[in-house]
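Report on one structure; see the data block that follows.
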Protein chains: 2
Amino acid sequence: MAAKGGSQGKRPQWPTGPLLSMQETGSEPALSIERIVATAVELLDAEGVGGLKMRRLADRLGAGAMSLYWHVDNKEQVFDLALDSVLEYRGTPQSIEAGDWRGAIFHMLEDWRASMLRHPWSASLLPRRALGPNILGRLELLGRVLSRAGVEEADLNGAIWSLWNYVMGATITRANFNLSDEDMLAGQQRLAHLSAQYPTIERARLLLDNDWDGVFRKGLGLLLDGLVPSR
Amino acid sequence: MAAKGGSQGKRPQWPTGPLLSMQETGSEPALSIERIVATAVELLDAEGVGGLKMRRLADRLGAGAMSLYWHVDNKEQVFDLALDSVLEYRGTPQSIEAGDWRGAIFHMLEDWRASMLRHPWSASLLPRRALGPNILGRLELLGRVLSRAGVEEADLNGAIWSLWNYVMGATITRANFNLSDEDMLAGQQRLAHLSAQYPTIERARLLLDNDWDGVFRKGLGLLLDGLVPSR
DNA sequence: ACCTGAACACCGTTCAAGT
DNA sequence: ACCTGAACACCGTTCAAGT
């Protein structure tokens, strides 16, 4: 609550510089938000959401167990910062200029999904956490392109959220199913035993053999076709 | 790992009878999976995912602290059972018979979303947990109606997952934003300060005043129009 | 300004023991 | 068969203290 050390509010103060650009010198460099966040991402990638523990994070940084709390308010803030750091977008150079709004949106949203799948913990985390600058930047870009493509001001929020919903749902589902392929197999085998109760999805082998990328693109295309007026 | 007490596998054994139908007699009735799950749902509704603690759950059941572990393998199983218990679907009486496949799908998916929003903890939980019988039942129904509506066998899984993705994304987002309206307000106010960086979404007031139900229905309609061939 | 270890108040779960 | 309390191995976080 009270101002203490490096951060003065409830909300994280987003670092301004680029992350993940630390030199590993011989002896450990000094602690910093950047190093903490970069190492937290490493730890999350390696062990998942449950694997991020403050003591282990400090260990990996070569720091004393409780040193982190000078740089960071609490564990929640580490999550917020790690999440946003993974969602930077450097893109849409030519397509947006060429007036190819469909290509620009597809590129940004596919990149968004790909970024989250590279860090599977991030997808489930995103909807529950604060919206950092990289997330807001993507939303801003999305809104700008949609608007330029002809979406009315009154329909803009609805269009943005529809796309958000679809991308989040697809990515969260994919990230979690991906984490446990053997679970899906087990599920499908359990289904086979119950094929009397679930004949349709059993026959379609719903829990197996899915072309996730293709499904994602197709649904996204349908949404875009409906949301943006054809001219 | 080894069989112990009431449950013999890693996966939860889903109870067969209806849940939530316990009589509160004068003295506490005996412990049972049904009572445990029903009370877990109460606790989750009242305090959220973080509020479910094994000791508190036992307390609320008037049982000794560790009695639960005879009926349940671990906390994870409590989550699995609570989740599925909340997703029962008794519906589609007339519309599916009348051949109104669009109405049947809309009804089932809107009910799905409504059920999860009545228990906001359930939405974020669902993609990470095992698919219980109630969830599988909804997927089966969805597949059956889509198939009857003319979706090719080869397109069936894609259609089911597209709809799943959209419903999950919309519900998870809504459930989490709902939980912290003041966060959205704070976010929008923070945005106002940064309107130079995010002019489009600031002007559209993206983080405020959203007609969530309308947005959900519209996007769902667009997806259905695209996924099911018109005849 | 920056880091540290000891200590506190929790957790989930195990286990030997009760009825 | 069903329940119990004590105990273990953790957690996040606070705090007084160091440099």
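Computed from heavy atoms alone, side chains included, the values below leave out hydrogens, waters and symmetry copies. To find a chain, count down the sequence lines: A is the first, B the second, and so on, and within it residues start at 1.
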Which atoms form the tightest heavy-atom contact between B:L83 and B:L126, and what is the distance?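 Closest approach of B:L83 to B:L126: CD2-CA, 3.6 Å.
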Between A:R118 and A:D45 the two heavy atoms that sit nearest each other are O-OD1, 4.3 Å
Notebook entry, point to check: Does OP1 or OP2 of D:dC3 have a side-chain N or O of B:H71 closer than 4.0 Å?
Noted result: yes
Send over the distance from [X] [atom1] to [N] [atom2], rounded to a whole Å.
X: A:L57; N: C:dT4; atom1: CG; atom2: P; value: 13 Å
X: B:E76; N: C:dC11; atom1: CD; atom2: P; value: 17 Å
X: B:N74; N: D:dC10; atom1: CG; atom2: P; value: 18 Å
X: A:R56; N: D:dC10; atom1: CZ; atom2: P; value: 11 Å
X: A:K75; N: C:dC11; atom1: NZ; atom2: P; value: 15 Å
X: B:Q77; N: C:dT13; atom1: CD; atom2: P; value: 11 Å
X: A:Y69; N: C:dC3; atom1: OH; atom2: C1'; value: 15 Å

Who is the Watson-Crick or G-U wobble partner of [N], with both distances under 3.5 Å?
N: C:dC3; result: none
N: D:dA17; result: none
N: C:dC8; result: D:dG12

If we take the C1' atom in both C:dC8 and D:dC11, what is their distance in whole Å? 12 Å
Among [options], the nucleotide that comes nearest once only the side chain of [X] is considered:
X: B:R55; options: D:dG5, C:dG12, D:dG12; answer: C:dG12
X: B:A30; options: D:dT4, C:dT4, D:dC3; answer: D:dC3
X: B:K53; options: C:dG5, D:dG12, C:dC11; answer: C:dC11
X: B:W70; options: D:dT14, C:dA7, D:dC3; answer: D:dC3
X: B:M66; options: D:dT13, C:dT4, D:dG5; answer: D:dG5

Q: Would you mind classifying the nucleic acid contact of B:M54 as base, sugar-phosphate or nothing, using non-hydrogen atoms under 4.0 angstrom?
A: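 Contact class for B:M54: sugar-phosphate only.
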Review point. When we call it a touch if two heavy atoms are under 4.0 Å apart, what does A:L52 touch: a base, just sugar-phosphate, or nothing?
Key: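 A:L52: backbone/sugar contact only, no base atoms under 4.0 Å.
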Notebook entry, point to check: A:F177 vs B:W161 aromatic rings, parallel, tilted or perpendicular, using cut-offs 30° and 60°?
Noted result: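 Perpendicular.
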A:F216 vs A:Y166 aromatic rings, parallel, tilted or perpendicular, using cut-offs 30° and 60°?
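Judged by the thresholds at 30° and 60°, the geometry between A:F216 and A:Y166 is parallel.
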**Prompt:** Does A:P133 offer a backbone N or O that forms a donor-acceptor pair with the side chain of A:R138 under 3.5 Å?
**Reply:** no
So, the side chain of A:D80 versus the backbone of A:G132: is there a donor-acceptor pair under 3.5 Å, distance only?
->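 Not confirmed, A:D80 side chain does not pair with A:G132 backbone.
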Check whether the side chains of B:W164 and A:T173 place a donor and an acceptor atom closer than 3.5 Å, and report yes or no.
yes
Q) Using 4.0 Å as the upper bound for N to carboxylate O, is an ion pair formed by B:R113 and B:D213? A) yes
Kindly state which residues belonging to residues 42-51 of chain A come within less than 4.0 angstrom of DNA chain D, counting heavy atoms of the residue only, listed by number.
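Correct list: empty, so none.
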